[in-house]
**Q** 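Structure below; questions to follow.
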Amino acid sequence: MKEIKAVVPPQRLPKIRSALRNIKGFPGMTVSKVDGCGHHVARPTHGIREELTDYSPKVRVEIVAPEELVEGILQILVEVGHTAQIGDGIVWVTPVERMVRLSEQVIVLDC
């Protein structure tokens, strides 16, 4: 199992969601509203207020998926999320040691 996280502009979410739902066996996702700032070279600020408002609204998508779905999910996140603009976002993958689905019988899965 892997956890895939992506931080993307909110306007990209509907297309990402639509594309992900076409994957057979797609396990679902969690979406959170977040604020972020990128690594791009920022212009000099003129005070703390301006510096603290250098964030833009984003959404964080979190998906826990079996290994065989990871590449397809990544491909969609990258292709649909990419606009070639500053602030497109970031995607990363981390291993998941264990997962428990609370909606089913309590079965601990070692991943």
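Positions are given from 1 along the sequence.
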**Q** Answer whether the closest heavy-atom distance between the side chains of Pro27 and Leu69 falls below 4.5 Å.
**A**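 Answer yes - side chains close enough.
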
**Q** Find out if a path of hydrophobic residues (ILVMFWY) with successive side-chain heavy-atom gaps under 4.5 Å connects Ile23 to Ile63.
**A**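 Ile23 clusters together with Ile63.
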
**Q** Please evaluate residues Ile73 and Gln75 with respect to the criterion side-chain contact (heavy atoms from CB on, under 4.5 Å), reporting the C-alpha separation (whole Å), side-chain torsions for both, the decisive distance (0.1 Å), and the verdict.
**A** CA-CA 5 Å; Ile73 292 170; Gln75 183 177 354; over 6 Å; no

**Q** Side-chain heavy atoms under 4.5 angstrom apart, residues restricted to Ile, Leu, Val, Met, Phe, Trp, Tyr: same cluster for Ile4 and Val64?
**A**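 No; Val64 is not reachable from Ile4 via cluster members.
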
**Q** Kindly indicate, with the supporting measurements, whether the criterion side-chain contact (heavy atoms from CB on, under 4.5 Å) is fulfilled by Glu62 and Met29.
**A** CA-CA 6 Å; Glu62 300 172 82; Met29 63 185 179; over 6 Å; no

**Q** Within the structure provided, determine whether Pro10 and Lys33 are in side-chain contact (heavy-atom separation under 4.5 Å).
**A**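 No, too far: nothing below the 4.5 Å cut-off.
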
**Q** Search all heavy atoms of Ala65 against all heavy atoms of Val70 and return the closest pair with its distance.
**A**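 Residues Ala65 and Val70, closest heavy atoms: O-CG2, 4.3 Å.
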
**Q** Going by heavy atoms in the side chains, are Leu20 and Val80 under 4.5 Å from each other?
**A**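 Not touching, per the 4.5 Å side-chain cut-off.
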
**Q** Looking at NZ of Lys58 and CG of Leu13, how far apart are the two atoms once the value is rounded to the nearest 0.5 Å?
**A**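 It is 13.0 Å, given to the nearest 0.5 Å.
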
**Q** Working to the nearest 0.5 angstrom, can you tell me the gap between Lys15 NZ and Ile76 CD1?
**A**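 So the gap between those two atoms works out to 14.0 Å.
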
**Q** Out of curiosity, does Val91 fall in the hydrophobic cluster containing Met1 (side-chain heavy atoms, cut-off under 4.5 Å, transitive links)?
**A**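 No, it is not one cluster - the side chains of Met1 and Val91 are not joined through contacts under 4.5 Å.
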
**Q** Out of curiosity, does Phe26 fall in the hydrophobic cluster containing Met99 (side-chain heavy atoms, cut-off under 4.5 Å, transitive links)?
**A**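 They do not share one cluster, since no chain of ILVMFWY contacts under 4.5 Å joins Met99 to Phe26.
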
**Q** Could you tell me whether the side chain of Asp88 and the main chain of His82 form a donor-acceptor pair under 3.5 Å?
**A**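 A pair under 3.5 Å: no.
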
**Q** Can you confirm whether Leu74 sits close enough to Trp92 that some side-chain heavy atom of one is under 4.5 Å from a side-chain heavy atom of the other?
**A**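 In short, these two side chains do not touch, never coming nearer than 4.5 Å.
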
**Q** Taking the side chain as everything from C-beta on, heavy atoms only, tell me whether Thr83 gets closer than 4.5 Å to Arg12.
**A**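 A side-chain contact under 4.5 Å exists here.
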
**Q** Measure the spacing between CD of Glu67 and NZ of Lys2 and express it to the nearest 0.5 Å.
**A**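 Taking CD in Glu67 and NZ in Lys2, the distance rounds to 4.5 Å.
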
**Q** Kindly compute the distance separating CG (Leu77) from CD1 (Ile90), expressed to the nearest 0.5 Å.
**A**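 Answer for the CG-CD1 pair, Leu77 versus Ile90, is 12.5 Å.
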
**Q** Starting at CZ of Arg60, measure out to CG of Asp35 and round the result to the nearest 0.5 Å.
**A**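 One gets 11.0 Å once the value is rounded to the nearest 0.5 Å.
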
